[in-house]
Amino acid sequence: AGTLELALARYRATTKHKRGSVVLNFGGPGGAGVPGLAAGGDDFMALTDEYDVVSFDPRGVGRSSPVSCGGGTDEALAATEDDTALTRDPQGVLGTLRKAADQCAKHSGPVLPHVGTVNVSRDLDVIRQTLGDKKLNYLGFSYGSRFGAVYAAQFPKKVGRLVLDGVD
């Protein structure tokens, strides 16, 4: 019932007879790929001999219809990292997390229910189509490996070369 914007960055193949694209995801969850490619693109330039190298900000992240939780969510994050607080007052921690979730829903508008791993997997197929590739060549690090695995499960006939590094 609407559209989302996805931010992409691409280094074009240096040869006229390219073999397609390689889509990268550096992990997270919640990691933006566009600045990751800009910062670490030199590490992947050898791939441009035959491939376009592409990265993206997953939906809800960076410049891709971002989710905003407003201020005050740091307390909720701290509560989930403090095992002592969780043991001492699990209901208090749950209350803090509910408040943070309410803030995210309030500040993010209609996009929040459509943010998740399965949605990102579908976005990968749209990216593949947009790039004009018959199959998705994908390199995923950390949580990015999860995106690749879910894509392969959803679209097994559209998987090309798939590298999952640091499977979560």
- Under a 4.5 Å side-chain heavy-atom rule over Ile, Leu, Val, Met, Phe, Trp and Tyr, are Phe155 and Leu136 clustered together?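 Both belong to a single hydrophobic cluster.
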- Item | Leu4 reachable from Val120 in the ILVMFWY side-chain graph, under 4.5 Å edges |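 Hydrophobic grouping puts Val120 apart from Leu4.
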- Message: Are Phe147 and Tyr143, when compared by the centres of their aromatic rings, separated by less than 6.0 Å?
- Response: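 Yes, they do, as the ring centres are separated by less than 6.0 Å.
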- Item | Lys99, NZ atom: more than 12 neighbouring heavy atoms under 6.0 Å |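 No.
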- Message: Looking at every non-hydrogen atom in both residues, tell me the closest pair between Lys135 and Val159 and how far apart they are.
- Response: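 The pair with the smallest heavy-atom distance is CD-O, 3.4 Å.
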- Item | Rounded distance [0.5 Å steps], CZ in Arg12 versus OG1 in Thr14 |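 The OG1 atom of Thr14 is 12.5 Å from CZ of Arg12, to the nearest 0.5 Å.
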- Query: Looking at CZ of Arg122 and NE2 of His114, how far apart are the two atoms once the value is rounded to the nearest 0.5 Å?
  - Reply: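 If I round to the nearest 0.5 Å, the distance is 11.0 Å.
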- Task: Look at the rings of Phe26 and Phe141 and say which category their plane angle falls in: under 30° parallel, 30 to 60° tilted, over 60° perpendicular.
- Result: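 Ring orientation of Phe26 relative to Phe141: parallel.
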Under a 4.5 Å cut-off applied to non-hydrogen side-chain atoms, are [X] and [Y] in contact?
X: Phe56; Y: Leu124; value: yes
X: Val118; Y: Gln154; value: yes
X: Asp123; Y: Pro58; value: no

- Message: Tell me if a side-chain donor or acceptor on Ser64 pairs with a main-chain N or O of Asp57 at a distance below 3.5 Å.
- Response: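 A pair under 3.5 Å: yes.
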- Task: Using modelled atom types only, decide if a donor and an acceptor are shared between the side chain of Arg128 and the backbone of Asp133 within a distance under 3.5 Å.
- Result: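 Confirmed, Arg128 side chain pairs with Asp133 backbone.
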- Item | Result of checking Val22, Leu24, Val163, Leu164 against Tyr138 for side-chain contact (heavy atoms from CB on, under 4.5 Å) |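 Among the candidates, only Leu164 passes.
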